[in-house]
Amino acid sequence: MELKGTAASAGIGIGRVTVVEEPDLSYTSRTVEDTAAENERLNAAISGYIAYTNAQADTMREQVGEKEAEILTGHIVMISDPFMQGEMTKLIEGGTCAEDALVQICEMFATMFESTGDELTMQRATDVRDVKTGVLAELLNKRPVDIGGLPQDTIIVTHDLTPSMTAGIRPGVIAGVVTETGGLTSHSAILARAMELPAVLSVPAACTSLKDGDLLIVDGSNGIVTVEPDEAAIAAAREAQAAYAAEKAELAKFVGCRSVTADGVVIELFANIGKPEDATQAMEKDAEGIGLFRTEFLFMDKPTVPTEDEQFEAYKKAALICKGKPVIIRTLDIGGDKDVPSLGMEPEENPFLGFRAIRYCLAREDLYRTQLRALLRASAFGDIRIMVPLVTCVDELTAVKDLLKRYMIEFDQEGIAYNPDIMVGIMVETPASAIMADALAAEADFFSIGTNDLTGYTMCADRGNEKVRYLYSTYNPAVLRSIKRVIEEGNKAGILVGMCGEAAADPLLIPLWISFGLGEYSVSATSVLATRKQVSLWTKEDADALASKVMQLNTAAEIYEVLKEAAR
Ligand code: PEP
Ligand code: MG
């Protein structure tokens, strides 16, 4: 039998199932009279939870890394939030028992995160519920099962792989993970990838349809779980495992190499990040800089808007981790499918064509000033570059540059250090900016092509809408012509042209980017080495020959076929 889910972490695991259930945390609600004592109980449980989680974070730090440990310390930050604790205390003072106060407030936050409809903010709901379960276990004296004790070659099957569960995983012992929930950007997925643990997520009813001791093949590269495979399937899986290991070893050879085509055209290979700490993995994977830091995550993670100092610390941290390498930081890109609960944005009829990104920021100068000042201050600590999202006309870029000039004067008066020559570039991700590329190139210090949005806006097809998925493809000639033009105009003006959408790492499209003259590729940290390898397989001449063939075709399907045929 085969089950299908999300291919969240590549690799193939073969092993026997242990279904990891949450401990029974049922309790009876009570009305309390001694509210001071009840509050004490809650505080003691919170302290116990913090101590336990800190210890888990230490293990995680040792076994996996700092970034992953920070997910757990993030839980400590969450439960230490004075607002959250204050709300619980208020309930207890009204006679609510500690368990109810905890559950009600955590659920209130979880529902708020979920109601955003935004995948990334919705993941925060998992974190709040993880915190709730942890503190409730302390209140009820029922700590969860220790995953560290599971036998060799175990496949963990669980509703949701929470960061606190992951802390117990010993690398080399757990062969794979299957969950019922979680998407590509969930913490489960991030953690599984960081631990290089094959994982298939969002397999419906996995916890009920699979049972302890079942033999499984978890194919995290293709999102397939094979239950009770026969001999032939196991043999094939072992072969695929060996091929995967060989591919990894092959990629490891590209660490420390230059990013260059077979005939010596040098490109810059950067990584995309969502949090400053992600820069550590990017550097470990040998990225030559950061090509896109999506700052909206700093805003989406919190119940309040981050202050100038908080943002400054985050940007400075990324700059310091990158030790002088370029760090392209994109200013707040919210709206569309990205909601920031603390900003209370109004729902819109057509959010992707509405009050999004630079449009919102220019109308909220108070908010934008905080971010631009934080970026300028951090620019004293590394090669920080500012990138403006969703630009459609030259005026937007001019407005940002004017604001920056104004804040520089403020800093000169305040005696605060910054880089007066900081580069200011734009994301080219709208048809308007692609058409105006020549004019924008005269004003921008660099371009970065956002193929995710450029594809959607060019084809008028929402990337999240299944019904128009057939149109949402970067292989469409309209999108490719647009990208070609943007690269040519940028190169003509002598500015660096990069790409930070998913297509930058697409092995089939890379020869086209080489032919068009793309100067910088920004990909996920885990794709850096594979991209370096792909680039190394092509000469400019071969790439040009393929591109001239492809650019005469009129359909995405034909283009895909030709590129697939030519793939190396
Ligand atoms: C893009 O649109 O290609 C891009 C990189 O931005 P985001 O995916 O964050 O919209
Ligand atoms: Mg975009």
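The chain is numbered in sequence order, starting from 1.
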Do [X] and [Y] pair up side chain to side chain, a donor and an acceptor below 3.5 Å, judged on atom types alone?
X	Y	answer
E284	T280	no
Y475	D506	yes
S221	Y244	no
N272	S522	yes
T474	T455	yes

Please tell me if the side chains of [X] and [Y] come closer than 4.5 Å, counting only heavy atoms from C-beta onward.
X	Y	result
P389	T331	yes
S448	C500	yes
V203	E180	no
E196	K248	yes
F293	P276	yes
R238	I14	yes
I449	L454	yes
N452	Y472	yes

When you measure from the side chain of [X] to the backbone of [Y], do you find a donor-acceptor pair of N or O atoms at a distance under 3.5 Å?
X	Y	answer
R356	G336	no
N419	I384	no
N350	L353	no
D286	G256	yes
E520	F270	no
S515	P511	no
D278	G274	yes
E348	F355	yes
E239	A235	no

Could you tell me the separation between the [atom1] atom of [X] and the [atom2] atom of [Y], rounded to the nearest 0.5 Å?
X	Y	atom1	atom2	answer
L292	S524	CG	OG	11.5 Å
M427	I328	CE	CD1	10.0 Å
M387	T295	CE	OG1	9.5 Å

Taken in chain and number order and not counting sequence neighbours, the residues that satisfy side chain to side chain donor-acceptor pair (under 3.5 Å) with Q241 are none
Begin from the C-alpha positions of R485 and E489 and carry the test salt bridge (charged side-chain N to carboxylate O under 4.0 Å, His left out) through to its verdict.
CA-CA 6 Å; R485 172 182 155 72; E489 290 300 336; 3.5 Å; yes
Those residues that, when tested against D402, pass side chain to side chain contact (heavy atoms under 4.5 Å, CB included) (two or more places apart)
T398, K405
Among residues at least two apart in sequence or on other chains, which ones pass side chain to side chain contact (heavy atoms under 4.5 Å, CB included) with T261?
D263, V265, I514, V535
Can K275 be said to sit on top of F297's aromatic six-ring, NZ or CZ under 6.0 Å from centre and within 45° of the ring axis?
no
Evaluate the side chain to side chain contact (heavy atoms under 4.5 Å, CB included) criterion for residues V391 and V428: first the C-alpha distance (whole Å), next the side-chain angles of each, then the deciding distance (0.1 Å), finally the verdict.
CA-CA 7 Å; V391 167; V428 180; over 6 Å; no
Before you tell me yes or no, could you show the steps for L404 and I386 under side chain to side chain contact (heavy atoms under 4.5 Å, CB included), namely the whole-Å CA-CA distance, both residues' side-chain angles and the distance that decides it to 0.1 Å?
CA-CA 10 Å; L404 284 167; I386 295 176; 3.8 Å; yes
Under 3.5 Å, sequence neighbours excluded: what are the donor-acceptor pairs made by side chains of residues 556-567?
from	atom 1	to	atom 2	distance (Å)
E558	OE1	T555	N	3.3
E558	OE1	T555	OG1	2.8

Run the ring-ring contact (aromatic ring centres under 6.0 Å, His included) test against Y457 and tell me which residues pass, sequence neighbours left out.
none
Go through L390 and R359 one step at a time and tell me if the side chain to side chain contact (heavy atoms under 4.5 Å, CB included) criterion holds.
CA-CA 8 Å; L390 205 80; R359 305 163 180 196; 3.8 Å; yes
Given the rule in the side chain to side chain contact (heavy atoms under 4.5 Å, CB included) test, do Y368 and L403 qualify, once you have shown the distances and angles that lead to the verdict?
CA-CA 9 Å; Y368 209 31; L403 287 175; 3.9 Å; yes
Single hit among K325, K323, R532 for salt bridge (charged side-chain N to carboxylate O under 4.0 Å, His left out) with E288
R532
Please list every donor-acceptor pair under 3.5 Å in which a side-chain atom of residues 434-446 meets a protein atom from a residue at least two apart or in another chain.
from	atom 1	to	atom 2	distance (Å)
E443	OE1	K401	NZ	3.4
D445	OD2	V424	N	2.8

